[in-house]
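Working notes, beginning with the structure itself.
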Amino acid sequence: MVRHATPTGPGRLDVDSLRADFPILQRRVHGHPLVYLDNAATTQKPQAVIDALVDYYSTTNANIHRGLHTLAEEATAAYEDVRRRTAAFINAGSPREVIFTRNTTESLNLLAYSLGARLGPGDEIVLSDMEHHSNLVPWQLAARRHGARLRFLSVDDDGRLDLDEARALIGPRTRIVSVVQMSNVLGTINPVAALVEMAHAAGALMIVDGAQSVPHMPVDVQTLGADFLAFSAHKMLGPTGVGVLWGRKDLLDDMDPFLGGGEMISLVQREESTWAALPNKFEAGTPNIADVIAFGPALDYLTRVGMDAVRAHEVETIAYALDRLNATDGLTVYGPPDPEERGGVAAFNYLDIHAHDLSTILDGEGVAIRAGHHCAQPLMRRLAVPATARASFYLYNRPDEVDAMIDALGTAAGLFGHAPPTGTGVGAGAGGRGARV
Ligand SMILES: *Cc1c(COP(=O)(O)O)cnc(C)c1O
């Protein structure tokens with residue numbers, strides 16, 4: 001039915017044959033071949049994922065868990081099978097520790113609501129200045145509801161967190177530490193293990209926003225050591241509308257539900273109810289059955305390619321992109337200079353051209369990048385910019401797509417009356433070669 005990815009050799013991707021699995025990569029935009037560099041926002045889907053959606057609705061569609069007819073049994077089995085594969089993908093101790101939500105945002109809201117209920121005045125929640133709004137606003141709501149206080153780890157000039165500051169900030173009042181593992185703007189890979197140690201030493205819970213890390217590097221929850229991990233299927237080749245919350249079973253067992261309704265109950269009486277066992281307690285109502293089932297082939301695809309190979313490919317790609325961007329006069333890249341310290345994302349500003357204009361001009365050349373605050377307004381304030389452009393890569397991106405972006409930046413420079421970039425990199429302009437924040 002579908003063509004399969006064929007990784008070749010240890011740690012090396014055969015990108016051309018991978019690309020053949022993604023039909024959208026064949027299309028043209030404004031007369032140019034599509035160069036899709038907006039993978040931090042959402043990734044493209046291989047044919048196997050698209051087929052699984054059509055297949056499910058064509059052959060199996062039924063509501064799960066309740067029915068005793070064949071379709072309902074098959075749909076339930078397929079849905080629960082993907083829960084098992086998701087657990088295996090992150091090496092969870094049990095599939096019961098995997099809750100399906102709508103997205104990372106909902107997973108984090110679930111935590112802020114259910115864990116938030118235990119907070120009181122004087123309790124502290126520690127976040128960082130590079131959090132996505134979805135790992136900030138839910139905690140603002142929880143803090144306001146329960147009189148708790150938010151504290152923030154700052155971001156240094158190279159886009160890193162400062163562990164000494166973390167050591168000073170995480171203390172006896174800390175109840176929750178919630179930090180992004182890989183920044184969707186700076187690309188920074190944060191030292192989660194060290195933060196876990198500090199959080200646990202203080203008796204606090206550690207939550208990891210894995211929306212960027214789980215799709216782009218091997219993540220094993222048992223070695224990670226955190227208590228909760230949130231991520232989204234759509235950023236790892238899967239469909240939109242499926243999020244994952246992994247949590248330690250004893251902690252999830254202790255928590256109150258987030259949403260109430262069908263499926264999540266055991267016994268319902270007029271005045272009160274008891275809750276279903278995990279994971280159903282946290283999956284109220286009819287879930288996104290089709291998209292969860294179609295997430296299965298996405299997990300298989302990444303497993304077949306190998307997350308080590310995905311990561312190695314992205315280090316290579318971002319290293320090349322940083323070289324080319326840093327060699328462009330008048331261009332400033334944000335985040336850690338060392339490709340090994342970051343994911344495949346490069347946020348930048350160029351000359352006096354607003355990021356939105358850059359994005360529009362690049363789109364005219366078929367190059368899809370993002371522009372704006374990337375749902376990280378406090379970080380934009382830290383960088384002292386209103387917005388940035390952002391190119392973000394995945395397993396199907398090639399070096400010539402980086403070249404296409406650099407060429408399109410030259411077009412933008414010309415349109416704004418600048419000389420085209422020399423690309424020598426010697427004495428580079430505003431940003432310099434240091435890729436400083
Ligand atoms: C995309 C993203 C989110 C939010 O994911 P949704 O799927 O939009 O809920 C949260 N954190 C980071 C770091 C992200 O990149």
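Both counts, for ligands and for their atoms, begin at 1 and track the order of listing.
Residue contacts with ligand 1 include H234, since one of its heavy atoms falls under 4.0 Å from the ligand. Residue contact check for ligand 1: N135 places no non-hydrogen atom closer than 4.0 Å to it. Residue contacts with ligand 1 include K235, since one of its heavy atoms falls under 4.0 Å from the ligand.
Ranking the protein heavy atoms by distance from atom 11 (N) of ligand 1 puts D209 OD2, 2.6 Å first. In this structure, atom 10 (C) of ligand 1 lies nearest to the protein heavy atom S134 OG, 3.1 Å. The nearest heavy-atom contact from the protein to atom 15 (O) of ligand 1 is Q212 NE2, 2.6 Å.
The number of heavy atoms from other shown groups lying within 6.0 Å of CD (E197) does not exceed 12. More than 12 heavy atoms of other residues, nucleotides or ligands lie within 6.0 Å of CZ in R398, so this atom counts as buried by the packing criterion.
Contacts between E106 and ligand 1 below 4.0 angstrom, taking non-hydrogen atoms only, are absent altogether.
Near T104, the atoms of ligand 1 lying under 4.0 angstrom from a non-hydrogen atom of the residue are 4 (C), 5 (O), 7 (O), 9 (O), 10 (C). Close approach to V180 involves these atoms of ligand 1, each under 4.0 Å from a residue heavy atom: 13 (C). Atoms of ligand 1 found under 4.0 Å from any heavy atom of T105, numbered from 1 in the order shown, are 4 (C), 6 (P), 8 (O), 9 (O).
For the pairing with R160, the salt bridge (Lys or Arg N to Asp or Glu O under 4.0 Å) check across D158, D164, D162 returns one residue only, D158.
Note: F100 and Y79 have perpendicular aromatic rings, judged against thresholds of 30 and 60 degrees for the angle between ring planes. Taking the six-membered ring where tryptophan is involved, the planes of H354 and H356 are tilted, since the angle between them lies from 30° to 60°.
A donor atom on one side chain and an acceptor atom on the other are found under 3.5 Å apart for Y301 and D21. Side-chain polar atoms of S134 and T104 form no donor-acceptor pair below 3.5 angstrom.
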